[in-house]
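Structure first, then comments.
As the structure lists them, so they are numbered: ligands from 1, and atoms in each ligand from 1. Predicted model only: the values in this text are computed from it and were never measured.
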Amino acid sequence: MVKPIPVLEVFGPTIQGEGMVIGQKTMFVRTGGCDYRCSWCDSAFTWDGTGKSEALQPEEIINRLDALAPSQYKHVTISGGNPLLHQGIAQLIEQLNERGIKTAVETQGSLWQDWLLAVDDVTISPKPPSSGMKTDWDKLDYFIDTLEPSQLSLKVVVFDEIDYAYAKDVHKRYPTTSLYLQVGNEDTTTGDQNRLLTQLLDRYEQLINWTMEDTEMNYVRVLPQLHTLLWGNKRGV
Ligand SMILES: C[S@@+](CC[C@H](N)C(=O)[O-])C[C@H]1O[C@@H](n2cnc3c(N)ncnc32)[C@H](O)[C@@H]1O
Ligand SMILES: Nc1nc2[nH]cc(C(=O)O)c2c(=O)[nH]1
Ligand code: SF4
Ligand SMILES: [Mg+2]
């Protein structure tokens with residue numbers, strides 16, 4: 001028995017809607033708790049007390065994945081909250097690896113655990129000024145120095161020009177690490193999918209325009225949250 005992992009949701013199969021493996025067919029495990037409090041967090045239910053977590057062993061999580069998608073998955077994404085709060089994820093990664101299932105983790109790069117070394121796709125998403133959070137650059141340096149370049153990418157969510165300037169600082173500091181710019185979703189509660197879609201596509205075009213004109217951003221990728229374009233603010237997709 002390992003220290004149980006607080007789990008908010010297990011869902012899929014769906015497509016990875018963001019970043020380095022966008023479009024990948026994957027399952028999601030969303031853990032509870034976060035050491036950050038981003039003003040615009042689209043998953044605040046993982047840390048603001050509105051979502052109830054279940055304390056699960058790695059085997060129980062795998063049983064849930066198998067029940068949801070028997071023989072239908074080869075890739076599992078662990079997100080949160082910040083999954084790096086939980087030591088027990090080491091065994092979950094190990095057991096998935098033993099079954100030949102690839103793994104991905106989404107984190108902000110504020111807390112380290114050695115189990116990250118065994119994860120195939122690590123997305124580190126340092127937080128821009130609009131989030132209200134402060135980046136610990138020394139911690140981030142450690143992530144970039146310790147992980148293999150092939151298993152790692154940076155993803156910066158951009159809401160405004162100040163965030164864009166922050167993304168440029170990130171690129172200057174880590175010029176050889178893959179960088180993804182991601183459109184920020186300003187309305188994480190609306191059910192008006194058409195209005196949200198129009199707003200997000202406008203923002204996407206704006207972010208593309210800023211990047212295309214910029215001589216210091218010549219090796220970056222600009223992406224929307226594909227799942228939000230498709231399904232709006234719906235949970236579990
Ligand atoms: C909910 S977070 C969980 C993982 C980890 N705590 C992190 O922030 O990287 C997953 C991803 O969603 C992004 N995200 C959260 N709220 C968002 C929003 N309103 N618009 C766009 N991306 C958002 C985060 O920046 C992160 O890249
Ligand atoms: N389809 C889909 N792709 C995602 N990529 C990152 C997500 C997350 O919330 O971490 C997410 C999510 O919740 N759904
Ligand atoms: S770090 Fe991630 S989960 Fe935590 S508050 Fe920020 S966006 Fe939400
Ligand atoms: Mg999300």
Looking only at atom types and distance, does a side-chain atom of Q57 sit under 3.5 Å from a main-chain N or O of V2, one as donor and one as acceptor? yes
Would you check if W115 and L84 make a side-chain contact, meaning some heavy-atom pair closer than 4.5 Å? yes
Would you call D66 and R99 a salt bridge, taking side-chain N to carboxylate O under 4.0 Å as the test? yes
For atom 4 (C) of ligand 1, grab the closest protein heavy atom and report residue, atom and distance to one decimal in Å. G81 O, 3.3 Å
CG of L154 to OH of Y174: how many Å apart, nearest 0.5 Å? 7.5 Å
The test is side chain to side chain donor-acceptor pair (under 3.5 Å); show your working for N185 and D42 and say whether it passes. CA-CA 8 Å; N185 174 8; D42 63 9; 5.7 Å; no
Identify, for atom 11 (C) of ligand 1, the protein heavy atom at the shortest distance, and state residue, atom and that distance. E18 OE1, 3.7 Å
What protein heavy atom sits nearest atom 25 (O) of ligand 1, and how far away is it? K127 NZ, 3.1 Å
Identity and separation of the nearest protein heavy atom to atom 22 (N) of ligand 1: Q182 NE2, 3.1 Å
Measure from atom 9 (O) of ligand 1 to every heavy atom in D42, T107, V156, V157 and give the option owning the shortest one. T107
In ligand 1, the atoms that come under 4.0 Å of a heavy atom of C41 are 16 (N)
shortest atom 10 (O) of ligand 2-to-protein heavy-atom contact is with S79 OG, 2.6 Å
Identity and separation of the nearest protein heavy atom to atom 13 (O) of ligand 2: R30 NH2, 2.9 Å
Under 3.5 Å between any N/O of F28 and any N/O of ligand 2: does that happen in this structure? no
Atoms in ligand 1 with a heavy atom of K155 nearer than 4.0 Å: 27 (O)
In ligand 1, which numbered atoms sit nearer than 4.0 Å to a non-hydrogen atom of V183? 21 (C)
Determine, step by step, whether N82 and W47 satisfy the side chain to side chain contact (heavy atoms under 4.5 Å, CB included) criterion, reporting the C-alpha distance in whole Å, the side-chain angles of both residues, the deciding distance to 0.1 Å, and the verdict. CA-CA 9 Å; N82 190 356; W47 52 262; over 6 Å; no
List the closest protein heavy-atom neighbour of atom 5 (C) of ligand 1: residue, atom name, distance to the nearest 0.1 Å. Q108 OE1, 3.3 Å
Min N/O separation Q16 to ligand 2 under 3.5 Å: yes
Among P83, S125, S39, closest by heavy atom to atom 26 (C) of ligand 1 is S125
Of H227, E106, Q24, which is the lone residue that meets side-chain hydrogen bond (donor to acceptor under 3.5 Å, both in side chains) with Q16? E106
Test item: D163 side-chain N/O and P128 main-chain N/O as donor-acceptor pair under 3.5 Å: no
Give me the nearest non-hydrogen protein atom to atom 1 (N) of ligand 2 as residue plus atom name, then the distance to 0.1 Å. I15 O, 2.7 Å
Ligand 2 and S43, any nitrogen or oxygen pair closer than 3.5 angstrom? no
Evaluate the side-chain proximity of D121 to L152: yes if any heavy-atom separation is below 4.5 Å, no if none is. no
If you compare G17, S43, G33 by their heavy atoms, the one closest to atom 1 (C) of ligand 1 turns out to be S43
Can you check whether T188 has an N/O within less than 3.5 Å of an N/O in ligand 1? no
Under a 4.5 Å cut-off applied to non-hydrogen side-chain atoms, are M217 and H171 in contact? yes
Under 4.0 Å to a heavy atom of E106 - the qualifying atoms of ligand 1, by number: 4 (C), 5 (C)
Interatomic distance, L140 atom CG to T135 atom OG1 [nearest 0.5 angstrom]: 7.0 Å
Over 60° means perpendicular and under 30° means parallel, so tell me whether W137 and Y166 are parallel, tilted or perpendicular. tilted
Polar contact flag for R30 and ligand 1 (N/O pairs, less than 3.5 Å): no
Identify, by atom number and element, the atoms of ligand 1 in contact range of G184, meaning under 4.0 Å from any of its heavy atoms. 20 (N), 21 (C)
Residues L196 and D187: closest non-hydrogen pair is CD1-O, 3.9 Å
Lys NZ or Arg CZ of R203 over F159 ring: under 6.0 Å, within 45°: no
Any atoms of ligand 2 less than 4.0 Å from a non-hydrogen atom of V237? List them with their elements. 1 (N), 2 (C), 12 (C), 13 (O), 14 (N)
Whether the side chain of S178 engages the backbone of M20 through a donor-acceptor N/O pair (distance < 3.5 Å, no angle test) should be reported. no
In terms of residue, atom name and distance, what is the protein heavy atom nearest to atom 10 (C) of ligand 1? S79 OG, 4.0 Å
Salt bridge flag under 4.0 Å for residues D141 and R173: yes
Does even one non-hydrogen atom of T228 get within less than 4.0 Å of ligand 1? no
What protein heavy atom is closest to atom 20 (N) of ligand 1, reported as residue, atom name and distance in Å? N185 N, 2.9 Å
Find all atoms of ligand 1 within a distance of less than 4.0 Å from any non-hydrogen atom belonging to G80, and give their numbers and elements. 1 (C), 3 (C)
Tell me the protein heavy atom at minimum distance from atom 3 (N) of ligand 2, and give that distance in Å. G17 N, 2.9 Å
